[in-house]
Amino acid sequence: RVGPAGIGVYQFAMSVLAYFSLATTLGITTLAVRDVAADGRLAREIAGEVVILRLALAVPLFACLVLLAPLIAPSHQTRIVLDIVGVMLIVEALTFTWVLQARARFGTFALATLAGPVVYGVLTPFLVTSGFKGVERYTFLNVLGLAVTALLTGYVTVRHVGSPKLRQSAYQIVLRF
């Protein structure tokens, strides 16, 4: 119902987001997986540091995306969709899929990672309409799917590892990075 033009707007926004997303990872979660796998007792501290670092990268990048959207978006509709998909930078920074990988909880990882797309897939036929309103809803549902994954992985992480904990201030973590 959204149509090729609407999907094109969404795909353009996701393509731009991909460039911004590259800068939010910088191998942080890969190093964290290695460190947690080596010494699982440090999982809470490493999780706290990773969240701070990823948010320290994601929030300014989201702000840059919102500020640059009027300059890079070919239409007003694309600018709106860019702003919505930009939220994924922050939501992705709050996912703990890497903790589940490091702790070898692959079944839980798979279920949590699949739950978001399932929620998205179930709601899409009911909520997506035609025209630009449908594109907006489609985009919001994608963000919702990622948020479901983030919530589930966060819940499982807190349940099995404990709440993320900081050994030092967030300022020191960012400076050390």
Item checked: side chain to side chain contact (heavy atoms under 4.5 Å, CB included) evaluation trace for Ile84 with Val143 -> CA-CA 8 Å; Ile84 298 168; Val143 175; 4.2 Å; yes
Tell me, do [X] and [Y] make a side-chain contact under 4.5 Å, heavy atoms counted?
X	Y	result
Val85	Asn142	no
Leu17	Leu89	yes
Trp98	Ile28	no
Leu42	Val36	no
Val158	Phe96	no
Glu136	Gln77	no
Tyr138	Ile7	yes
Leu146	Val87	no

When rounded to the nearest 0.5 angstrom, what is the spacing between [atom1] in [X] and [atom2] in [Y]?
X	Y	atom1	atom2	result
Tyr120	Thr124	OH	OG1	4.5 Å
Leu127	Leu144	CG	CG	9.5 Å
Arg159	Thr108	CZ	OG1	9.5 Å
Thr78	Gln11	OG1	CD	12.0 Å
Leu123	Arg137	CG	CZ	12.0 Å

Is [X] linked to [Y] within one hydrophobic cluster, defined over Ile, Leu, Val, Met, Phe, Trp and Tyr using a side-chain heavy-atom separation of less than 4.5 Å?
X	Y	value
Val66	Tyr10	yes
Phe12	Leu22	no
Ile80	Leu71	yes

Next item on the list: Using the salt bridge (charged side-chain N to carboxylate O under 4.0 Å, His left out) rule, collect all pairs that involve residues 71-80, keeping only residues at least two apart or in two chains.
Entry: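 Listed by first then second residue: Arg79-Asp83.
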Next item on the list: Scan residues 88-108 for pairs that pass salt bridge (charged side-chain N to carboxylate O under 4.0 Å, His left out), counting only residues two or more places apart or in two chains.
Entry: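 Those involving residues 88-108 are Arg54-Glu92.
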Margin query: Please give the remaining members of the hydrophobic cluster of Tyr155, linking ILVMFWY side chains under 4.5 Å, ordered by chain and number.
Written below: Leu100, Phe109, Val156
Notebook entry, point to check: Members other than Val118 in its cluster, when Ile, Leu, Val, Met, Phe, Trp, Tyr link by side-chain heavy atoms under 4.5 Å?
Noted result: Leu114, Val122
Next item on the list: Would you please test Leu26 and Leu57 for side chain to side chain contact (heavy atoms under 4.5 Å, CB included) and show each step?
Entry: CA-CA 10 Å; Leu26 299 175; Leu57 292 167; 3.9 Å; yes
Please report the closest heavy-atom contact between [X] and [Y], naming both atoms and the distance.
X	Y	result
Ala112	Thr149	O-OG1, 3.2 Å
Phe20	Cys64	CE2-CB, 4.1 Å
Leu65	Leu82	CD2-O, 3.7 Å
Val33	Ala102	O-CB, 3.6 Å
Ala150	Thr95	CB-CG2, 3.5 Å

Item checked: Partners meeting side chain to side chain contact (heavy atoms under 4.5 Å, CB included) with Leu151 (sequence neighbours left out) ->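 Result, side chain to side chain contact (heavy atoms under 4.5 Å, CB included) vs Leu151: none returned.
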Next item on the list: Applying side-chain hydrogen bond (donor to acceptor under 3.5 Å, both in side chains), run through Thr24 and Ser21 and close with a yes or a no.
Entry: CA-CA 5 Å; Thr24 63; Ser21 294; 5.0 Å; no
Note to self: For Pro164, is there any backbone N or O sitting under 3.5 Å from a side-chain donor or acceptor partner on Arg44?
What the structure shows: no
Next item on the list: Mind checking salt bridge (charged side-chain N to carboxylate O under 4.0 Å, His left out) for Arg41 and listing every partner two or more places apart, or none if nothing turns up?
Entry: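 Only Asp39 meet the salt bridge (charged side-chain N to carboxylate O under 4.0 Å, His left out) criterion with Arg41.
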